[in-house]
Amino acid sequence: MEFKIENKDRGSAARSGILKTSHGEIQTPIFMPVGTVGSVKGIYHRDLTNEVKAEIILGNTYHLYLRPGLEIIKSAGGLHKFSSWDGPILTDSGGYQVFSLAENRKLKEEGAEFKSHIDGSKHFFTPENVVDIQRILGSDIMMALDECTPYPSDYNYAKKSMELTHRWLERGIEQFKKTQPLYGHRQTFFPIVQGSTYTDLRKISAETIAKHDAEGNAIGGLSVGEPEEDMYEMLEVVTNILPLEKPRYLMGVGTPVNILEAIALGVDMFDCVMPTRNGRNGMLFTSEGIINIKNQKWKNDFSPIDENGITFVDKTYSKSYLRHLFVAGEMLGAQIASLHNLGFYLWLVKEARKKIEENNFSEWKNRMVQKLSNRL
RNA sequence: GGGGAGAUACCAAAGUGGCCAACUGGGGCAGACUGUAAAUCUGUUGUCGUACGACUUCGGAGGUUCGAAUCCUCCUCUCCCCA
């Protein structure tokens, strides 16, 4: 994998770049739609490519390992072929499930023991076998196994958790070096910074991660309930330490405002379930603010969903009609909202990229941030 | 014509002397959602008040009782069965 920074913003740490993978180039900053089980919920790949202009999507190790299982994905020739997505794929390691399925797992030095949420069966994830699994998935970017530390965590827990993540990282890197891609294309491996909301821990973690000189670095354990100011503070600490010339990936973030603020701090890659999940639940993100399309106020509004939207649904369907679909519980409503939101998220990062190239990112960002939180 | 059942909030439906402004579900209204156990979850839904609370409600009119959605009388309406 190759990363080249193209432009740097004058008023902030924002930068634009190009990330080259075996499945295509990614223009950063970029938002990566989440397709946990090999599907960006409710969206055809065709629309992901042609409408949303997605350049890379996510898959999840834990979920794909449980279902359909590695045998099937291996037989299919990897996740790209299995799901018919020939663009880049990043797979999360299951580290987030260590956090989100906390009640169903036990953390040990060797790894994390999971009780499947599907059938209760037991499974053991280690820093090593998570690499092996991602080799089978064939993702372009593989993630290290980490513990996504919950918020709030007391200092001692956060420190121990971070240190475990660091030890796991050593093992993951070893395994990564010992193994080869299975399908003839390149794969890379991103380590993850932890450290909860403690400045000194974040600093230690970022330094530790930086030493490994990976092709890209991720920042995890944020947007798990902490105040946004804390997140930005941690980001600033971490982005000042991680190597400038390597892409930075902020995991699981976030709201449109979060993304712009993080871009300003020098983050290049983002993923979040928000555009799809919140879309399914009737929330639309637009350049003018947030719409809860289920609200009564849209009942008689026959204007397009989003005049400025980039996808075909934005001008094809009216707010009134979309509201009707949600009220009626029609799945088309969830699909339209998801497509719109993803289109908006991709528009947002592409616009940010444009502004960085034009050297007026900060000013634009400040103006956008004002509008993005509006409730329409 | 004869016999029976019933009428409760937007709808359906529980409650059959005080713990009832009234279970529950639907519908309505609003909120939440950040590396997806989510096409999910939460709140609210008589009026007024931020709240403690106050006031008006269970087909209608009377009555019994300290107290009635609940018991009695009459009335109105609906449904079912038989002819």
Side-chain angles (χ1 to χ4, degrees), chain A residues 31-43 56-64 66-67 89-105 114-120 130 134 139 141-151 165 190-194 218-228 230-231 248-259 261-262 267 269-285 290 292-299 323 325-338 341 345 375:
Chain A
F31 177 79
M32 309 181 281
V34 178
T36 306
V37 299
S39 147
V40 176
K41 294 185 193 296
I43 308 293
I56 171 171
I57 62 174
L58 256 68
N60 183 275
T61 299
Y62 168 84
H63 289 282
L64 290 165
L66 287 183
R67 203 162 50 186
I89 294 177
L90 180 152
T91 46
D92 187 28
S93 61
Y96 188 73
Q97 281 63 45
V98 172
F99 161 77
S100 67
L101 304 178
E103 286 166 19
N104 287 332
R105 57 80 175 154
F114 284 96
K115 219 165 75 184
S116 160
H117 68 281
I118 300 164
D119 62 6
V130 148
Q134 292 178 96
S139 49
I141 301 173
M142 321 185 343
M143 299 304 302
L145 185 66
D146 66 334
E147 182 191 1
C148 177
T149 318
Y151 178 86
T165 290
F190 281 16
I192 304 170
V193 173
Q194 288 290 339
I219 304 157
L222 291 174
S223 68
V224 288
E226 79 282 5
E228 294 196 341
D230 289 14
M231 172 165 80
R248 290 88 169 264
Y249 163 32
L250 176 55
M251 307 184 75
V253 173
T255 66
V257 170
N258 292 160
I259 288 174
E261 295 294 359
V267 176
M269 304 164 70
F270 302 88
D271 79 282
C272 191
V273 303
M274 207 172 251
T276 43
R277 181 189 288 168
N278 290 30
R280 286 196 302 282
N281 295 328
M283 185 170 177
L284 305 182
F285 298 94
I290 293 164
N292 182 345
I293 200 65
K294 291 192 274 196
N295 287 177
Q296 191 176 39
K297 63 201 287 193
W298 308 113
K299 200 170 185 171
R323 175 179 192 273
L325 293 177
F326 269 97
V327 169
E330 286 293 311
M331 61 182 175
L332 180 61
Q335 292 180 270
I336 291 172
S338 298
N341 281 345
Y345 265 64
R375 290 194 163 260

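Values below: all heavy atoms of this structure, side chains included; hydrogens, waters and symmetry mates excluded. Every chain is numbered from 1 and lettered A, B, ... according to where its sequence line falls, protein lines coming before strand lines.
Remark: B/G35 base-pairs with no nucleotide in the shown strands. Criterion, Watson-Crick or G-U wobble with two distances under 3.5 Å. Partner assigned to B/G6 is B/C77, using Watson-Crick or G-U wobble distances below 3.5 angstrom. Here B/A13 sits opposite no nucleotide as a Watson-Crick or G-U wobble pair (both hydrogen-bonding atom distances under 3.5 Å). In this entry B/C23 has no Watson-Crick or G-U wobble partner, no candidate having both defining distances under 3.5 Å. Under the Watson-Crick or G-U wobble criterion, with both distances below 3.5 Å, B/C58 is left unpaired in every strand shown. Look at B/A69: it lacks any Watson-Crick or wobble partner with both distances under 3.5 angstrom. Pairing for B/U44 goes to B/G28, judged as Watson-Crick or G-U wobble with the two contacts each under 3.5 Å. Base pairing annotation: B/A83 forms no Watson-Crick or G-U wobble pair, as no partner gives both donor-acceptor distances under 3.5 Å.
Going from the C1' atom of B/G3 to that of B/U8 covers 27 Å, rounded to whole Å. Comparing the C1' positions of B/G59 and B/G6 gives a spacing of 11 Å, expressed to the nearest Å. Distance noted for atom C1' between B/C58 and B/A69: 4 Å (whole Å). Taking the P atoms as reference points, B/G25 lies 15 Å from B/A14, given to the whole Å. Taking the P atoms as reference points, B/A7 lies 11 Å from B/C71, given to the whole Å. Taking atom C1' on both B/U47 and B/U57, the two are 10 Å apart, rounded to the nearest angstrom. Remark: the separation of the P atoms in B/A68 and B/C55 is 14 Å, to the nearest Å. Separating the C1' atom of B/G63 from that of B/G17 is a span of 15 Å, rounded to the nearest Å.
The minimum heavy-atom distance linking A/W298 with A/R323 is given by the pair C-CD, 4.0 Å. The two residues A/C148 and A/Q194 make their nearest non-hydrogen contact at CA-NE2, 3.8 Å. The minimum heavy-atom distance linking A/A262 with A/F270 is given by the pair CB-CE2, 3.4 Å. The minimum heavy-atom distance linking A/G95 with A/L145 is given by the pair N-CD1, 4.0 Å.
Between A/L90 and the options A/V34, A/I141, A/I57, a side chain to side chain contact (heavy atoms under 4.5 Å, CB included) holds for only A/I141.
Taking for each of A/N258 and A/K297 the nucleotide of RNA chain B with the nearest heavy atom, the 5'-most of the two is the partner of A/K297.
Nearest nucleotide to the A/T255 side chain, out of B/U34, B/U40, B/U36: B/U34. Out of B/C33, B/C29, B/A38, the shortest distance to the side chain of A/K41 is found at B/A38. Out of B/U36, B/G35, B/A32, the shortest distance to the side chain of A/Q194 is found at B/G35. Taking the side chain of A/M331 as heavy atoms from C-beta on, and the options B/U34, B/A37, B/A39, the nearest nucleotide is B/A39.
No engagement by A/G42 is indicated, since no non-hydrogen atom pair under 4.0 Å with the nucleic acid exists. Using a 4.0 Å heavy-atom criterion, one finds that A/L250 contacts no nucleic acid atom at all. Nucleic acid contact class of A/R105 (heavy atoms, under 4.0 Å, all strands): none. Residue contacts shown for A/E226 are absent, as no nucleic acid heavy atom lies under 4.0 Å away. If you check every strand for non-hydrogen atoms under 4.0 Å, A/N278 touches a base. Residue contacts for A/V327: at a heavy-atom cut-off of 4.0 Å it reaches the sugar-phosphate backbone alone, with no base atom in range.
At B/A30, none of the side-chain N or O atoms of A/R375 fall inside 4.0 Å of OP1 or OP2 (strictly under the cut-off). Residue A/T36 has no polar side-chain atom (N or O) positioned under 4.0 Å from OP1 or OP2 of B/G35. Contact annotation: A/N295 does not reach the phosphate of B/C29 (side-chain N/O to OP1 or OP2, under 4.0 Å). A sub-4.0 Å separation between OP1 or OP2 of B/C41 and a side-chain N or O of A/R280 is absent. Under 4.0 angstrom from either OP1 or OP2 of B/U34 there lies at least one side-chain N or O belonging to A/R277. In this model, the phosphate group of B/U36 is approached by a side-chain N or O of A/Q97 to a distance below 4.0 Å at OP1 or OP2. Regarding contacts with the backbone of B/G31, a side-chain N or O of A/N292 is found under 4.0 angstrom from either OP1 or OP2.
A donor and an acceptor atom, one from each side chain of A/Q134 and A/T91, are located under 3.5 Å apart.
The nearest whole Å value for the distance from the CD1 atom in A/I290 to the C1' atom in B/G31 is 13 Å. What separates CG of A/D230 from P of B/U34 is a distance of 17 Å, to the nearest Å. Spacing between atom CE of A/M274 and atom P of B/A32 amounts to 10 Å, rounded to whole angstrom units. We find that CG of A/D92 is positioned 4 Å from C1' of B/G35, with the value rounded to whole Å. The OH atom of A/Y96 sits 10 Å away from the C1' atom of B/C33 (whole-angstrom rounding). Rounded to whole Å, the distance from CD1 on A/I219 to C1' on B/G35 is 12 Å. Rounded to an integer number of Å, the gap from A/E228 CD to B/U34 C1' is 9 Å. Counting to the nearest Å, the P atom of B/G35 and the CD atom of A/Q134 are 17 Å from each other.
Using a distance-only test at 3.5 Å, with no hydrogens or angles considered, a donor-acceptor pair links the side chain of A/N341 to the main chain of A/M283. In this structure a side-chain-to-backbone donor-acceptor pair under 3.5 Å is present from A/E226 to A/V224.
For A/N60 and B/G35, a side-chain-to-base donor-acceptor distance below 3.5 Å is absent, hydrogens and geometry of angles not being considered. One can find a donor-acceptor pair under 3.5 Å joining the base of B/U36 and the side-chain atoms of A/T276.
When ring centroids are compared, A/H117 and A/Y62 come within the 6.0 Å threshold.
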